[in-house]
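Residue indices begin at 1 and follow the sequence shown.
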Amino acid sequence: MKFKAILIILVLSVISHSKAQEIESPSFGKGIFNLVGKDSTWSMKVGARMQFLALASWENNHGDFIHGESAFLVRRARLKFDGYALTPKLKYKIELGLSNRDMAGSSIYTSNTPRFILDAVMKWNFYENFELWFGQAKLPGNRERVISSGNLQFVDRSILNAGFNIDRDLGIQIRHHFNLTDTFVIREALAISQGEGRNVTTGNIGGFQYTSRLEFLPLGLFPGKGDYLGGALNRPETPKLAIGVTYDFNNNAVKTRSNQGSYMVIEDGFFETNITTFFVDAIFKHKGFSFMGEYANRDAKDPIAKEKDGTPTGKVVQVGTAINLQAGYLFKSNWEIAGRYSNVDLNKGITGEDLVNEYTLGVSKYIVGHKLKVQSDVTYVDTDNFNSRLAYRLQFDIHF
């Protein structure tokens with residue numbers, strides 16, 4: 001009896017202790033936990049998200065689709081930390097990528113180490129509507145790229161983004177916004193960056209990259225920042241429209257896609273050329289309907305990389321244009337059907353690449369918005385002078 005009594009006391013003690021150690025956490029999708037200093041001089045929200053992807057593809061061989069690739073992947077696995085220091089006007093964000101794809105791309109330019117760091121940036125609201133960013137973050141490029149990979153309408157971004165986006169870089173940015181009227185909002189962004197992408201440790205090669213963006217919201221702000229969320233999950237009761245224009249100039253760029261792609265190495269250094277990238281995008285939402293369109297154009301002063309004696313190296317700047325159009329309808333059951341058309345038309349005389357058209361049909365179920373969802377899509381790829389392909393993807397997202 002004494003043993004049973006002691007055992008009961010021990011069990012009750014453990015239960016009581018565990019209850020005392022419970023920490024009140026935010027609701028699902030709003031972070032794992034939020035910390036605030038006793039004197040409110042700092043805060044930190046910790047979050048995590050994962051994407052699990054299954055895919056299969058088939059190649060059209062004279063009318064018969066032959067099975068090609070199939071795979072299961074941890075597409076993304078990330079940790080996020082954000083908050084403020086000393087004052088809510090001085091914010092920070094750190095995002096780490098832990099999946100193999102997130103870390104891929106190590107080279108001598110990144111000290112031959114995995115590229116863990118996605119974002120490491122400070123944001124200082126130094127005067128009224130002005131904000132200064134410094135560190136590594138997404139440049140103010142095309143809308144589809146700036147939308148988080150966890151908030152997309154489809155399983156992943158389009159081929160326009162894959163070939164033309166200017167992604168992340170190290171540098172400074174100035175952001176500002178103002179109201180032209182009670183409802184007409186204008187946003188401005190200007191960035192000066194290193195010009196070679198994220199996690200570069202070898203210092204600046206060539207010149208700097210200059211990016212400017214203007215956004216026009218003539219019908220007012222989107223509820224819940226919906227202009228940077230895929231789909232119409234916030235179901236705006238009145239029509240909402242945002243139009244964006246980005247111009248990017250990379251002075252003496254040394255990579256084939258501005259600050260992306262491969263380095264244009266020559267015998268005694270790097271081939272350098274000025275590269276410009278231009279984007280126009282728009283997003284419209286009303287109730288359950290959503291539409292997004294983008295146009296991209298890249299050009300270069302001299303797109304063919306050459307040795308000092310004029311001999312081509314085989315590397316070329318990926319100059320050309322691309323279009324992405326997508327629309328969807330979200331039913332009240334939070335099932336969504338969406339369609340997308342994407343086109344990439346690189347200059348074949350320079351790049352040797354053929355015209356590519358992609359047609360995608362997607363179906364998504366939003367269980368807790370973008371924080372817990374299942375998405376699938378089917379894509380038909382039509383390429384000049386190559387066999388067409390068919391691909392299917394299924395992805396599960398969870399965000400804490």
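- Applying the salt bridge (Lys or Arg N to Asp or Glu O under 4.0 Å) test to pairs two or more places apart or on separate chains, those with a residue in residues 364-383 are D377-R393.
- For the pair I304 and I350, the minimum side-chain heavy-atom distance is below 4.5 Å.
- Once rounded to the nearest 0.5 Å, the distance linking CD of Q375 with OG of S364 reads 3.5 Å.
- With no hydrogens or angles considered, no side-chain donor-acceptor pair links E131 and N125 at under 3.5 Å.
- In this structure, S99 contributes its side chain and D102 its backbone to a donor-acceptor pair below 3.5 Å.
- A donor-acceptor pair under 3.5 Å is formed between the side chain of K240 and the backbone N or O of L219.
- N165 and Q260 form no side-chain donor-acceptor contact under 3.5 Å, judged by distance and modelled atom types alone.
- Tested against V317 for a side-chain contact (heavy atoms from CB on, under 4.5 Å), the candidates N274, I275, T256 yield a single pass: I275.
- Contact between T110 and R115 at its shortest, heavy atoms only, is CG2-CD, 4.0 Å.
- With no hydrogens or angles considered, a side-chain donor-acceptor pair links S290 and Q153 at under 3.5 Å.
- In the hydrophobic clustering (ILVMFWY side chains linked at under 4.5 Å, chained through shared members), Y84 is joined by V36.
- Side-chain contact, E336 with N334: no donor N or O sits under 3.5 Å from an acceptor N or O.
- Contact detail for S342 and N324: the closest heavy-atom pair is OG-OD1, 2.6 Å.
- For T321 and D345, the side-chain atoms include no donor-acceptor pair closer than 3.5 Å.
- Of the possible polar contacts, one joining the Q136 side chain to the N199 backbone as a donor-acceptor pair under 3.5 Å is found.
- Tracing side-chain contacts under 4.5 Å through hydrophobic residues (I, L, V, M, F, W, Y), one never reaches V381 starting from L355; they form parts of separate clusters.
- The salt bridge (Lys or Arg N to Asp or Glu O under 4.0 Å) pairs that include a residue from residues 318-332 number zero, where partners must be two or more places apart or lie in different chains.
- Here the options are R168, R198, R78, the test is side-chain hydrogen bond (donor to acceptor under 3.5 Å, both in side chains), and the partner is D119; only R168 passes.
- For F72, the CZ atom counts as loosely surrounded, since its 6.0 Å shell holds 12 or fewer non-hydrogen atoms of other residues, nucleotides or ligands.
- Annotation: ring-ring contact (aromatic ring centres under 6.0 Å, His included) contacts involving residues 298-347, sequence neighbours excluded, comprise Y329-F331, Y341-Y359.
- Using a 4.5 Å cut-off on side-chain heavy atoms (C-beta onward), I186 and E215 make no contact.
- K306 has its side chain out of reach of T313: every pair of non-hydrogen atoms, C-beta onward, lies at least 4.5 Å apart.
- When side chains are defined from C-beta on, K255 counts as touching E196, because their heavy atoms get closer than 4.5 Å.
- Applying the ring-ring contact (aromatic ring centres under 6.0 Å, His included) definition to pairs two or more places apart or across chains, none involves residues 214-260.
- For the pair T351 (side chain) and Q318 (backbone), a donor-acceptor distance under 3.5 Å is absent.
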> Where do S158 and E144 land on the side-chain hydrogen bond (donor to acceptor under 3.5 Å, both in side chains) test, with the steps shown first?
Replying inline: CA-CA 8 Å; S158 69; E144 188 183 25; 2.7 Å; yes
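- The side-chain hydrogen bond (donor to acceptor under 3.5 Å, both in side chains) test with S149 singles out one residue from R76, Q51, R75, and that residue is R76.
- A heavy-atom distance below 4.5 Å is not found between the side chains of V319 and L346.
- Just one residue in the list H177, H176, E188 forms a side-chain contact (heavy atoms from CB on, under 4.5 Å) with F130, and that residue is H176.
- A side-chain donor from one of N343 and N357 sits under 3.5 Å from a side-chain acceptor of the other.
- Each ring-ring contact (aromatic ring centres under 6.0 Å, His included) pair with one or both residues in residues 289-322, not counting sequence neighbours, would appear here, but there are none.
- Across all their heavy atoms, L233 and G369 have their closest contact at CD2-CA, 3.3 Å.
- Tested against L221 for a side-chain contact (heavy atoms from CB on, under 4.5 Å), the candidates D227, N179, T183, V185 yield a single pass: V185.
- Taking the charged nitrogens against the carboxylate oxygens, R143 and D281 do have a contact shorter than 4.0 Å, which makes a salt bridge.
- Between E237 and R235, no side-chain nitrogen of the basic residue sits less than 4.0 Å from a carboxylate oxygen of the acidic one, so the salt-bridge criterion is not met.
- With a 4.5 Å cut-off on side-chain heavy atoms, Q194 and V200 count as touching.
- At distances below 3.5 Å, at least one donor-acceptor pair connects side-chain atoms of N234 with backbone N or O atoms of P223.
- Side chain of T276 to main chain of A300: no donor-acceptor pair is present (N/O by atom type, distance under 3.5 Å, no hydrogens or angles).
- A donor-acceptor contact closer than 3.5 angstrom links the side chains of D354 and N385.
- The shortest distance between side-chain heavy atoms of L53 and V155 falls below 4.5 Å.
- For R175 and W133, the positive end sits near the middle of the six-membered ring, less than 6.0 Å away and at most 45° from its axis.
- Ring pair H370/Y366 is perpendicular by interplanar angle, where above 60° counts as perpendicular and below 30° as parallel.
- Of the charged side-chain nitrogens involved, at least one lies within less than 4.0 Å of a carboxylate oxygen, so that D167 and R145 count as a salt-bridged pair.
- Remark: the N250 side chain and the N259 side chain contain no N/O donor-acceptor pair separated by less than 3.5 Å.
- Side-chain contact between S43 and N34 is absent, with no heavy-atom pair separated by less than 4.5 Å.
- In this structure, M292 CE and F284 CZ are separated by 15.0 Å, a value rounded to the nearest 0.5 Å.
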